[in-house]
Amino acid sequence: MKIARRSMSAVSRLVQAMAVSCAMASTSSAQLIRDTPLPETEGVGIIDRAGATIQPELTFRDSDGRDLRIGDVFDGKRPVMLIMAYYDCPLLCTLVLNGVQEAINDVSLSLGEDYRIVTVSFDHTDTTSMAAAKKAMYTLGYNREIPEDAWIFCTSEPEAARELARAVGFRYKFLPESGEFSHPSGVFFLTPKGVLSGFIENIKFRPMDVKLALMNAADGRLGSLFDRVEFTCYMYDPKTGQYVVQPMTVMRLVGGATALVLGGTIGFLAWSNAVRRHRRPAATTPASTTEIGGER
């Protein structure tokens, strides 16, 4: 059981901290937390640990009550989006889950086929039934049919949750006065082999950012040809929590495309001229007017 709420002032401070953290959905929550002087947010945030490998032996329990070895989530083919959220969070976790669901409904990549999502609660008092209820809610809200293991919701023991959070750079802390947690808001992206490729720290997520982050986790091997060209034009900006255009890359692509078009046009014109010259009739020599025997 959670620690009983000891004072209304503690709860009030917690709500205030969370309200400040999510006051502006379009602003990075990292910046909001850094600018918040409340002690509840001290030491809370996301550290960039791109390149870190998730310990495959970490074990959690899925919404059906079965043990789930985290290494088994990574099949070597599909990238994985990881969400750290506890199921009775009074505000922030629900906003993150809602934001993810809204974004993936507008992402052209298909959940289950192209990528998977794993939500892990870092509150060891959360139950299997709570995980099952969350799974039913959010998978029902996805606008396409998905396999059973497309979006997994797990509960955890304290040590496993702390180790997973440490690996991806998710820094949270328990607040004894309120019995709740202070934590950042964001999602993590892992390669098909379980290596952290990046994160988006925010509350609402642009579908384009989610798609590009998944493509980055898959090393660009997802989506259509157009998606892959678009992927090369963007890079993640941690200050805004969004992918932004790389002007130099765009200029190089445009320059290369222009040179290709011009080269193709010149080559086609040269080929056309050569074909016309080849097809032109050869000049004929006038017939001789000299009669046989030299007489006219």
Output side-chain donor-acceptor pairs under 3.5 Å for residues 131-138, partner residues at least two apart or in another chain, one line each.
unit_1 : atom_1 : unit_2 : atom_2 : d
K135   : NZ     : E148   : O      : 2.9
K135   : NZ     : E148   : OE2    : 2.9
Y138   : OH     : N98    : OD1    : 2.8

With sequence neighbours excluded, what pairs up with [X] under the side chain to side chain donor-acceptor pair (under 3.5 Å) test?
X: E145; value: none
X: S63; value: none
X: E157; value: none
X: T94; value: none

Can you check whether [X] reaches [Y] side chain to side chain, under 4.5 Å on heavy atoms?
X: Y115; Y: F189; answer: no
X: E180; Y: C89; answer: no
X: V120; Y: L82; answer: yes
X: V187; Y: V96; answer: yes
X: R144; Y: L111; answer: no

key: Partner of R171 by side-chain contact (heavy atoms from CB on, under 4.5 Å), out of I47, V44, I46   =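 Among I47, V44, I46, the one meeting side-chain contact (heavy atoms from CB on, under 4.5 Å) with R171 is I47.
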task = Check whether L97 and M130 end up in the same hydrophobic cluster, where Ile, Leu, Val, Met, Phe, Trp and Tyr are linked by side-chain heavy atoms less than 4.5 Å apart.
result =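 L97 clusters together with M130.
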message = Tell me whether V195 shares a hydrophobic cluster with M81, the cluster being built from Ile, Leu, Val, Met, Phe, Trp, Tyr side chains joined at under 4.5 Å.
response =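 No, it is not one cluster - the side chains of V195 and M81 are not joined through contacts under 4.5 Å.
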query = Distance from E102 atom CD to N143 atom CG, nearest 0.5 Å?
reply =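 Going from CD on E102 over to CG on N143, the span is 11.5 Å.
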ask   = How long is the span from the CD atom in E163 to the CD atom in Q55, to the nearest 0.5 Å?
value =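 Atom-to-atom, E163:CD and Q55:CD are 5.0 Å apart.
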query = Do you know which two heavy atoms are closest between W151 and I104, and how far apart they sit?
reply =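 So the two residues come closest at CZ3-CD1, 3.9 Å.
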inquiry  = How close do T59 and A160 get, counting heavy atoms only, and between which atoms?
reply    =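 Smallest interatomic distance, heavy atoms only, reads O-CB, 3.8 Å.
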Set of residues satisfying side-chain contact (heavy atoms from CB on, under 4.5 Å) with respect to A167, sequence neighbours excluded =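 Here the qualifying residues are I54.
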More than 12 heavy atoms of other groups within 6.0 Å of K173 NZ =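 Check passes, neighbour count above 12.
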request  = Determine yes or no for a side-chain-to-main-chain donor-acceptor pair under 3.5 angstrom, with S156 supplying the side chain and S121 the backbone.
outcome  =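 Judged by distance alone, yes, a pair lies under 3.5 Å.
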query = Are D114 and R78 within salt-bridge range, i.e. N to O under 4.0 Å?
reply =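 Looking at D114 and R78, the cut-off is not met.
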